[in-house]
Amino acid sequence: MVWTATAPATDPRERYLSQFARQSAIAMGPPWLAERRDAAIERFRDVGFPTTRQEEWRFTDIAPLTQTPFTLPTSPGPKASPEAVEEAAE
């Protein structure tokens, strides 16, 4: 799937989506990982960054996170199976 950002890059969410779009073209990994990335970025596209208006985030300043560029690792890390990812997510 190809992602494109449509709003100006001054909005942190759109800037992050734009960076993801550029990086996703060169992202490596098995198909199951690409599916998870696509699902995650689609969720992020829908809800964006959390805000202090959300109870769970009311004391968390995520401004530094919104300014962090989206980057991919420069070298492949250890391989993880879908089962290992599921186990880690629990």
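Note that these values count all heavy atoms, side chains included, but never hydrogens, waters or copies made by symmetry.
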- Neighbour count >12 (heavy atoms, 6.0 Å) for atom CD, Glu87: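 No, CD of Glu87 has 12 or fewer neighbouring heavy atoms, counting only those of other groups under 6.0 Å.
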Beyond-backbone contact of [X] with [Y], side-chain heavy atoms, under 4.5 angstrom:
X: Arg15; Y: Gln67; result: yes
X: Ile62; Y: Pro50; result: yes
X: Trp57; Y: Thr51; result: no

- Message: Tell me whether Arg13 contacts the main-chain N or O of Arg45 through its side chain, where contact means a donor paired with an acceptor under 3.5 Å.
- Response: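 Indeed, once roles are kept as given, a pair shorter than 3.5 Å links the two residues.
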- Does Arg37 come within less than 4.0 Å of Glu42, counting only side-chain N to carboxylate O?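 Salt bridge flag = no for Glu42 with Arg37.
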Can you tell me how far [atom2] of [Y] sits from [atom1] of [X], rounded to the nearest 0.5 angstrom?
X: Ser24; Y: Leu17; atom1: OG; atom2: CG; result: 10.5 Å
X: Trp32; Y: Glu86; atom1: CH2; atom2: CD; result: 8.5 Å
X: Asp11; Y: Tyr16; atom1: CG; atom2: OH; result: 14.0 Å
X: Arg43; Y: Ile41; atom1: CZ; atom2: CD1; result: 12.5 Å

- Item | Derivation of the side chain to side chain contact (heavy atoms under 4.5 Å, CB included) call for Phe20 and Phe44 | CA-CA 11 Å; Phe20 179 87; Phe44 178 76; over 6 Å; no
